[in-house]
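Working notes, structure below.
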There are 2 protein chains.
Amino acid sequence: MTTGQNHCDPLESLEKAGLQKTIQRIVVLRAVIRADRPITAAEIYEDLDVAERVNKVTVYRVLASLEEAGIVRGIPTVDGMNYYEMACSHNPLHAHFYCRYCRAMTCLGPLGEEICQNLYPSCRHEADALSVSITGLCNDCRRNKTKRKEEPL
Amino acid sequence: MTTGQNHCDPLESLEKAGLQKTIQRIVVLRAVIRADRPITAAEIYEDLDVAERVNKVTVYRVLASLEEAGIVRGIPTVDGMNYYEMACSHNPLHAHFYCRYCRAMTCLGPLGEEICQNLYPSCRHEADALSVSITGLCNDCRRNKTKRKEEPL
DNA sequence: CGATACTTGCAACTGAGTTGCAAATCGGGT
DNA sequence: ACCCGATTTGCAACTCAGTTGCAAGTATCG
Ligand SMILES: [Mn+2]
Ligand SMILES: [Mn+2]
Ligand SMILES: [Zn+2]
Ligand SMILES: [Zn+2]
């Protein structure tokens, strides 16, 4: 769930992270900011307009460096694909909904303190990330409004 | 978290599910039962003793049919790999811990009613599965006792 | 500007998982 | 026990997200 529309500035973020401000990084970062939900490397790559061509490999590498710098957050899914969202505008502890048909991922509300309190102590290991996701059929797909990808249902 | 050691009988499970009782299915099922934690298709395949050779593709297909029949449950991970556990001996709603170094997955305690109550209603979609997982470093890896896979840390 | 370190693009590769298809096996009916 | 259609298996070829090696290009800083 986004905490107010995205105000993160690409250049500023890169600056603060000590990363070189290359066009590729700015283009990818803008794509993630533009999206109103977590998106994949493939989506970013495909949605690039000719003027902002970036090699597919570069998209992966840029996302990796942005994630390492804490600028974007990676979200894994049941189908093994990685989705990315801006770290600055999304609470680090919130659940996601993943539609098994159109494969769109949406953010749900943040997890309450009490839930995390219950989960973390339950594991006697060195935890560093908590991930909660709900899989199912999104409203659009249930009403058959979506044909974005194929098969399932 | 396992609810008492595994008492599921392969033949019985297949029977009840109306699936043919082939050696391959029994072998794979036994491997999942034998494991004390969720395992991958690759682990199953590699750990097969010569006497119970099963083609790798068959392992995938068997796991798919077992999952569809509700005999095993698939658990996705951050690294895109699928882990499987016996459905009969694991509460359908429990969290998992995934070690980013040795990639072993362990079951944590079941999720309290109140957590699910909080999560499910938060999404106005047709939900069909809830997945909670914690990523980090397991105790063995923290103490550097494990070298099961490579890189990370 | 020029040296140096970092980043990009391309092509080849990896590895989990899938698919098409012919051969083997299962199982219900006789 | 035997037959035949339905299911399952094995193999080889394929897919596809993601990775890697390396030479060429670009950012940054003095
Ligand atoms: Mn989110
Ligand atoms: Mn489990
Ligand atoms: Zn959908
Ligand atoms: Zn470990």
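No hydrogens, no waters, no symmetry mates; every other heavy atom, side chains included, goes into these values. Naming convention: chains lettered A, B, ... in sequence-line order (proteins, then strands); numbering from 1 in each chain.
- Here the shortest heavy-atom pairing between A:P76 and A:N82 reads CA-OD1, 3.6 Å.
- Along DNA chain C, the nucleotide closest to A:V62 and the one closest to A:V57 are compared, and the more 5′ of them pairs with A:V62.
- With rounding to the nearest 0.5 Å, the separation of OG in B:S13 from NZ in B:K21 is 10.5 Å.
- A:D79 has its CG atom 13 Å from the C1' atom of D:dG18, to the nearest Å.
- A sub-4.0 Å separation between OP1 or OP2 of D:dG10 and a side-chain N or O of B:Q24 is present.
- For the pair B:Y45 OH and D:dT9 C1', the interatomic distance rounds to 13 Å; values are reported in whole Å.
- Here D:dA27 is the nucleotide among D:dA17, D:dA27, D:dT9 with the atom lying nearest to any side-chain atom of A:Q20.
- Place B:A42 and A:V59 on DNA chain C by their nearest nucleotides, and A:V59 ends up nearer the 5' end.
- A 4.0 Å heavy-atom criterion places the boundary nucleotides of DNA chain C facing chain A at C:dC6 to C:dA11, written 5' to 3'.
- Residues A:R61 and A:T40 both approach DNA chain D. Their nearest nucleotides, taken by heavy-atom distance, put A:T40 toward the 5′ side.
- Here D:dG18 presents its C1' atom at 10 Å from CE of A:M81, a figure rounded to the nearest Å.
- Salt bridge present: A:D128 and B:R100 bring a charged side-chain N and a carboxylate O closer than 4.0 Å.
- What separates CD of A:E46 from P of D:dC16 is a distance of 11 Å, to the nearest Å.
- Atom pair A:N55:CG and D:dA23:P shows a separation of 17 Å (rounding to whole Å applied).
- Within the 3.5 Å criterion, the main-chain N or O of B:N139 finds a donor-acceptor partner in the side chain of A:H125.
- If you measure from atom CZ of B:R25 to atom C1' of D:dT9, you get 10 Å, rounded to the nearest angstrom.
- Here the CZ atom belonging to B:R73 is positioned 8.5 Å from the OG atom belonging to B:S89, to the nearest 0.5 angstrom.
- For A:I23 and D:dT28, the CD1 to P distance is 10 Å, given to the nearest whole Å.
- Computed from coordinates, the A:L19 CG to D:dC29 P distance equals 13 Å when rounded to whole Å.
- Within 4.0 Å of A:K21, counting heavy atoms only, lie sugar-phosphate atoms of the nucleic acid but no base atom.
- Using a 4.0 Å cut-off between charged side-chain N and carboxylate O, A:R61 and A:E68 make no salt bridge.
- Atom CD1 of residue A:I39 and atom CD of residue A:E46 lie 11.0 Å apart, to the nearest 0.5 angstrom.
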